[in-house]
Amino acid sequence: MKNPHRVSVVNHLPKRKAAKPIREAVLAALRIFKAPAGEVTVVLSDPRELAELNQRFRGIAGTTDVLTFPAPERFSGLLGDVILNWEMAETQAKSRKVRPVDEAAMLAVHGTLHLLGFDDHSDSDRIAMVDAMNQAMRAAGLPEDSDWSSLPHGMEAPAGR
């Protein structure tokens, strides 16, 4: 059976970054949570671009770790875009003692789950979302973290961001 999901990883950074773990983790999330057929694009970006998008689309000043943009329903075959802040992924990876690409995969799964209707506004929703993230990471053979939280919401961001 042909895979009904496609994941593209687009690098907006000056240096090439590993895409395979990110792609595999997102594909695992799509499969496990029975996403409709379609494509997710994951964009690896920098704090400046995330700050611009955060301000323009959410009206929030400052950068963030990941933003999700669901595709309009009229664009069948597209699920949406996940834009992640590679520098925050690197910072959080150091704190969690994992590779930056593993943290980027966790962020990409987090964003993908938002595309699939998961939310993390309440404690119970956050716990369910982290559990779902860990299921996808485990299925992709990547490190899990039951205490995971996003950098802007669970830890202090690095100075100057």
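This is a predicted model, so every value here is computed, not measured. Residues take their numbers from the sequence shown, with the count starting at 1.
- Considering CD of Gln55 and CZ of Arg58, their distance stands at 11.0 Å, rounded to 0.5 Å.
- The shortest heavy-atom contact between Val42 and Val26 is CG2-CG2, 4.2 Å.
- In this structure, Phe57 belongs to a hydrophobic cluster whose other members, linked by side-chain heavy atoms under 4.5 Å apart, are Val10, Val43, Leu50, Leu53, Leu67, Phe69, Ile83.
- When the options Val101, Val7, Val82 are evaluated for a side-chain contact (heavy atoms from CB on, under 4.5 Å) with Ile22, the one that passes is Val101.
- Closest non-hydrogen pair, Ser146 versus Val130, comes out as O-CG1, 3.7 Å.
- Pro143 approaches Met106 most closely through the heavy-atom pair O-CE, 4.2 Å.
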Intermediate values then yes/no, side-chain contact (heavy atoms from CB on, under 4.5 Å), Leu113 and Met133 | CA-CA 8 Å; Leu113 292 175; Met133 291 164 62; 3.5 Å; yes
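- Nearest heavy-atom pair, Ala139 versus Ala28, reported as atom, atom and distance to 0.1 Å: CB-CB, 3.9 Å.
- Applying the salt bridge (charged side-chain N to carboxylate O under 4.0 Å, His left out) definition to pairs two or more places apart or across chains, those involving residues 98-126 are Arg96-Glu103, Arg99-Asp102.
- Identified under the salt bridge (charged side-chain N to carboxylate O under 4.0 Å, His left out) test for residues 129-141, with sequence neighbours left out: Arg138-Glu144.
- The two atoms that bring Ala105 and Pro21 nearest to each other are CB-O, 3.9 Å, heavy atoms only.
- Counting heavy atoms from C-beta outward, Val40 and Asp81 have side chains that stay 4.5 Å or more apart.
- Residue pairs meeting the salt bridge (charged side-chain N to carboxylate O under 4.0 Å, His left out) criterion with at least one member in residues 19-35: none, sequence neighbours excluded.
- A donor-acceptor contact closer than 3.5 angstrom links the side chains of Asn85 and Thr63.
- Taking the side chain as every heavy atom from C-beta outward, Val98 and Gln92 never approach each other to under 4.5 Å.
- The two residues Leu84 and Leu107 make their nearest non-hydrogen contact at CD2-CB, 4.3 Å.
- The ring-ring contact (aromatic ring centres under 6.0 Å, His included) contacts involving residues 94-123 comprise Phe33-Phe118, His110-His114, His110-Trp148, where partners must be two or more places apart or lie in separate chains.
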Begin with the C-alpha distance, continue with both residues' side-chain angles, and end with the deciding distance and a verdict on side-chain contact (heavy atoms from CB on, under 4.5 Å) for Leu79 and Leu30.
-> CA-CA 10 Å; Leu79 298 175; Leu30 295 171; 3.8 Å; yes
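- Going from atom CG of Leu115 over to atom CG of Leu78 covers 11.0 Å, rounded to the nearest 0.5 Å.
- Pairs passing the side chain to side chain donor-acceptor pair (under 3.5 Å) check and including a residue from residues 35-48, sequence neighbours excluded, read Ser8-Glu39, Ser45-Glu49, Arg48-Glu52.
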